[in-house]
Amino acid sequence: MAQQPAHDSHEAHGSLKSYVIGFVMSLVLTAIPLIVVLNDILDGTAAKVVLLGSAILQFVVQLVYFMHLKEEGKPRYNLMVLILGLIIVLTIVAGSIWIMTYNKVA
Amino acid sequence: MLDKIKEFASEFFVTGDPLIYGADVSIGLTLIAVVTALTYFKKWTWLWRDWLTTVDHKKIGIMYVIASLLMLFRGGVDALLMRTQLAIPDAEFLSPEHYNQIFTTHGVIMILFMAMPLMFGLFNLVIPLQIGARDVAFPFLNSLSFWLFFFGAMLFNVSFVIGGSPDAGWLAYPPLSEMSHSPGVGQDFYIWGIQISGIGSLMTGINFVVTILKMRTPGMKLMKMPMFTWSVLSSSLTILLAFPILTVTLALLFIDRYFGAHFFTLDGGGNPMMYINLIWMWGHPEVYIIVLPAFGIFSEIVATFSKKRLFGYKSMVFALMSISLFSFFTWAHHFFTMGSGANVNIFFAITTMIIAIPTGVKVFNWLFTMFRGRISFKTPMLWTIGFIPCFIVGGMTGVLLSVAPADFQFHNSYFLIAHFHQVIIGGVAFGFFAGLYYWWPKVFGFKLNEKIGKWAFWTWNIGFYVCFMPQYVLGLMGMTRRVSSYGWDKGWYELNLTSTIGGFLMGIGFLFQVWQILHSIKFMEKDTTGDPWGGRTLEWSIPSPAPVYNFATLPQADEKDPWWEEKRRLAEGGAPKPQSKLEPIHMPKNSGVPFIMSAFWFVAGFGLVFDWLWMAIPGLIGVGACMLYHSFNYNTDYYIPVDEIKRTEAAARRVI
Amino acid sequence: MANSVNRAIAEPARHDEHHHEEHHDLEGLRMMGFWIFLITDCILFGTLFATYVVLSGSYAGGPAGAELFEMPGIIAETFILLTSSFTSGLAVLSMNRGDRKGLIGWLIVTVLLGAAFITLEVTEFMTLVHEGASISTSAFWSAFYTLVGTHGLHVSIGLVWMIAIMIQLGRHGINSVTRRKVNIVSLYWHFLDVVWIFVFTIVYMMGVM
C-alpha cells in the first residue's frame, strides 16, 4: 500500500510550477484592491467592480492552480456540483439583497 | 435546600396539566418496561451489537422507519388534540398556550421527525439494492446520520415533559421566537433538536449523492437508473444545497437568544423579516425534498402493477431534476404579504406557476403508464391511485395561492392549511406508505395482510377528504390558522365538526395500519420468491430479506428494468447471464462511535438549552474526542470469506 | 471511475493487489464526498454573507466598521493565510514525491501560519470589543462577528485536524489512507483561503471604502 498505483488520475497532483504561478497570481490579485482602495484611486461602483473582480479571479486561480479542478477525470461531477452550489450561493445573496431592499428597518 | 430543589423541579419539569402528568407516567412506565424486558431476556448485547452499532444500511433503514412511525403517532395525537379543541365553538379542552405548543410540535414533528426519517428509511432500505451496491458510500457516516436524527428528535420531544415545549409555530418566526417574547427554554429545544438532526440530514444527502453517482453496478448508466434512484438523487442534491441555509438560520437565532446579538430582534438594528427570507430559502426546497422521492416511489409502483415500462422516462428525469433546481427560486411566495413590492411578488408568482409544469408532466406520465396496462390493485397501487386525484387538487389550489394578489386573501387562512396538507398528506404520506407497503416484503421477508391494508387505505383516504375539504371553505369564510377557538356566531361550527370527524377517521386508518403490521407478524406469510409483486428492478432479484452483503456477485445491468428483462429472457428460453466467480466481500466493521458521539451531541444540546456550560462543554469535548478517536482508528473493515457467502446463499434458497 | 468500487470487487484480481485497489477506490469516494461537503460549506458561508450584506448598514447608533477596522493587521492576516495555502500545497507536493519529512515539515509551517492568523484575529476581536463594538452592539456587529468568527472557527478546527494527521503520518507513514487525508485537509485549507478572500473583500475592503 506504500506506493501509489500508476493509473491514479483523480488525486491532486500539480507541480511546483503550478503552485508558484498560483501563489504569485494570488499575491498580485490581493495587492490590486489594496492599492486601489487605500490610495483612493477609484471609488463608488468602479472600485466595487475592481474589488469583486479581483476576488472572483483569485477564486478561479485557486480553483485551477491549488485545487486542481481542471485535472478531474470525466464525468466531471465535482465541477457540476460546484457550479450548482455557486448558482445557489448567488441566488441566496442576490435574492436576499433584492427582497430585503424593500423591507429595511431603520 | 429542599425548597431549592422543589423550586428547581417545578421549573425543570412541566407541571400543571393532567395530560402531561399522564404522559410523564406513561413515559416512565414504558422506559421501565423496556429496560426490564431487555434485562430479563438478556438482550442488551444483542441490542448493542446488532442494532445500535450497526453500519448496515438495511438495519439503519429499519430503525429509521420504526422511529418515524413512533413520531407519526405523536404528531397524529397532536393533530387530533387540535381537531378536538376546534370541533365545537368556545371549547375549553386546551388552553390557548397549550394549543400554541401543540400546533408547533405537530408541524415540526410531522415534517422533520416523521417525513424526513421515513424518507431516509426508504433511501436506506432500497437504494443500494436498486443500484446493485453492497452498501452506501459512507456506512459509518450513515449510522452517524441516523443517530444524530434520533438524538435530535429525542431532544425535541423531551421538551414535552421537561422545560416546556416551543410555541412559536413550526418555523419559529422572530420576534416571537426571540428572548424578548419567548424567554423560556422551549425555543432552545426547538433550535437544538432541529440543528442536531439537521446535520444528520445534510450528511445523508452527501452520502446518497456519492452512492448513486459512484456505486452503481456495472452497466447501469445514469439514464438506465430506476426512477426511484433518480428521485433520490434529485432529493439528495436539494438537501445538500438547502440544509446549510437552515443550519445558518437557526444558528443566527440561537446567537440572538444566547449572546444577545441583533440579527432578528426588534431593537439594535435587527430585522425579523430577514429570518423569514432565510428560513423559506430552506423551507421551500424542503417540501420538494420530501415529495420528490414520493414521485419516484409512485413511478416504480405504477410500472410494476401495470406490468408496463414507465411512460416517458426521459421527461420524468427532466421533470425531477428541473424541480429540484427550480425549487430554489420560489421561496418568496411564502411571504407575498410581507411587503417586498410588486416586482418581487411578480417574479416569485411566475416561478411558482412554472414549477407546476414539470409536476403536471409527471401526472400524465403515470396516467399513460397505466393506460392499457394490466393493473392489479394491490395496496401499494391503491395508495398510488388515491394519490393522483388528491395531488391534482392540492396542486391546483397551490397554483391559486401562487397568484400574488389573490394570496393576500388566502394567506394564513385555512385555505392554505388545506392546501399544504393535501399535497403533504396526499403526496408525501401516501407516497411513503405506498413505498413501505411495496418494499415491506423485501425488507422483512413477509407480506402485509392485504385485506386490513385495504381498510386502512379507505379510512385514510375518505378521512382525508372529510377532514380537509371543509377547511378550504372555512378558509374562504375567513377562518385563520392557529386560532385556538372561535365563537358560535361565526357560522364555522358544522364544517369544523365535519373536519374533526375526518381527522379521527384518519386516526382509525393509522390504527388499521398498526393492526395490519401486528396481524401480519403473527400470521407470517413468508415471501419465499424474493419477488412477490413481479418487480422490474434489481432489488427483486435477490432473496428477501437481503443477505448482509446484498449481492453475492454483482449483477450486470445493461438495460432499464434489468430484472424484468432478465426474467423475460429466461421465460423465452434464454440462458441466464453468466455469473462471475465468488470473491471475498469487503465490508465495513460495526462501530459504537456514531451512537456515542450523537449522545454527546444530545448532552451538549441539553446543556445549551438550559445554559448549563458545565454540561454543554463536556458534551462538545466528547463530540470532538469521538471524531479524533474515529480518525485515529485504522481498523474499520473486514472481508467475508467465500465459504460464508456460499453458506448464506444456500440457506437463502439460491444455491450457487 | 463510476462503479469502480463494485468493479474492484467483481473483477478477478490477484488477492493483495485487489485489496489495494479497493482501498484506493474507497479513498476516491471519500475525496468526492469531501468535495461535496465543501460545496455545502460554501452555501453556509454564502448565507452568512447574504445576512452580513443585508444588515451591513444597521449600526443602530453604534460605531461603524470603517471607524474601527485596523487595516495593517487585516492585511497581515490576509498574506499569512495566503502563504499558508501555498505551503499546504507544497506539503502535498512533498507527499507526491514520497518525502515524509518534507510533508510533515510543510504541514508544520502551515499550522504555524494558521496559528498566527488566529492569534491576529483574536487580538483584533479583543481590540474591537474593548473599543465598544461587541456582538450585541448592533445588527452590523452581530453579522460581522458571526461571519468572521465562523471562518476563524473553521481555521481552528483545521489546525487541530492537521496536527492529528501529522501524528498519523508519524505512525503509519504515507499510504493510501494518510495520502487521502492530507489531500483532503489541504483542499479544506485552500477553501478557507478562498472564503477569506471574500471576507477580506466584502467585509474589510468594501467596509473601509
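Only this structure's heavy atoms are used, side chains among them; waters, hydrogens and symmetry mates stay out.
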query: Which atoms of C/T51 come close to chain A, meaning under 4.5 Å heavy atom to heavy atom: side chain ones, backbone ones, both, or neither?
result: neither

message: Counting only non-hydrogen atoms closer than 4.5 Å, does A/L84 touch chain C with its backbone (N, CA, C, O), its side chain (CB onward), both, or neither?
response: neither

query: What part of C/I202 gets closer than 4.5 Å to chain A, counting heavy atoms only: side chain, backbone, both or neither?
result: side chain

Residue C/F198 versus chain A: region with a heavy atom under 4.5 Å: side chain

query: How close do C/F200 and A/T30 get, heavy atom to heavy atom, and via which atoms?
result: CE2-CG2, 4.0 Å

task: Answer with side chain, backbone, both or neither: which region of C/S85 has an atom nearer than 4.5 Å to a non-hydrogen atom of chain A?
output: both

- request: Pick one of side chain, backbone, both or neither for A/L63, based on which atoms fall under 4.5 Å of a heavy atom in chain C.
  value: side chain

message: For a 4.5 angstrom cut-off between non-hydrogen side-chain atoms, does C/I197 reach A/F59?
response: no

- prompt: Looking only at heavy atoms, what is the nearest atom pair of C/A50 and A/V93, with distance?
  reply: CB-CA, 3.9 Å

query: Which region of A/I87, side chain (C-beta onward) or backbone (N, CA, C, O), has a non-hydrogen atom less than 4.5 Å from a non-hydrogen atom of chain C, or is it both or neither?
result: neither

message: Quick check on C/F191 against chain A: is it the side chain, the backbone, both or neither that has a heavy atom closer than 4.5 Å?
response: both

task: Specify whether A/F66 and C/H190 have parallel, tilted or perpendicular ring planes, treating 30° as the upper limit for parallel and 60° as the lower limit for perpendicular.
output: tilted

- prompt: For C/L38, is it the side chain, the backbone, both or neither that has a heavy atom under 4.5 Å from a heavy atom of chain A?
  reply: neither

task: Under 4.5 Å, counting heavy-atom pairs only, tell me which of A/G85, A/S96, A/A55 racks up the most with chain C.
output: A/A55

field: Side chain, backbone, both or neither of C/T78 within contact of chain A (heavy atoms, under 4.5 Å)
entry: side chain

Side chain / backbone / both / neither for A/V20 at chain C, heavy atoms under 4.5 Å: both

task: Could you check if a side-chain atom of C/M31 sits within less than 4.5 angstrom of a side-chain atom of A/N78, using non-hydrogen atoms only?
output: no

- prompt: By a 4.5 Å heavy-atom criterion (distance strictly below it), what part of C/I39 contacts chain A: side chain, backbone, both, or neither?
  reply: side chain

- prompt: Which atoms of A/L38 come close to chain C, meaning under 4.5 Å heavy atom to heavy atom: side chain ones, backbone ones, both, or neither?
  reply: side chain

message: What part of C/Y52 gets within 4.5 angstrom of chain A, counting heavy atoms only: side chain, backbone, both, or neither?
response: neither

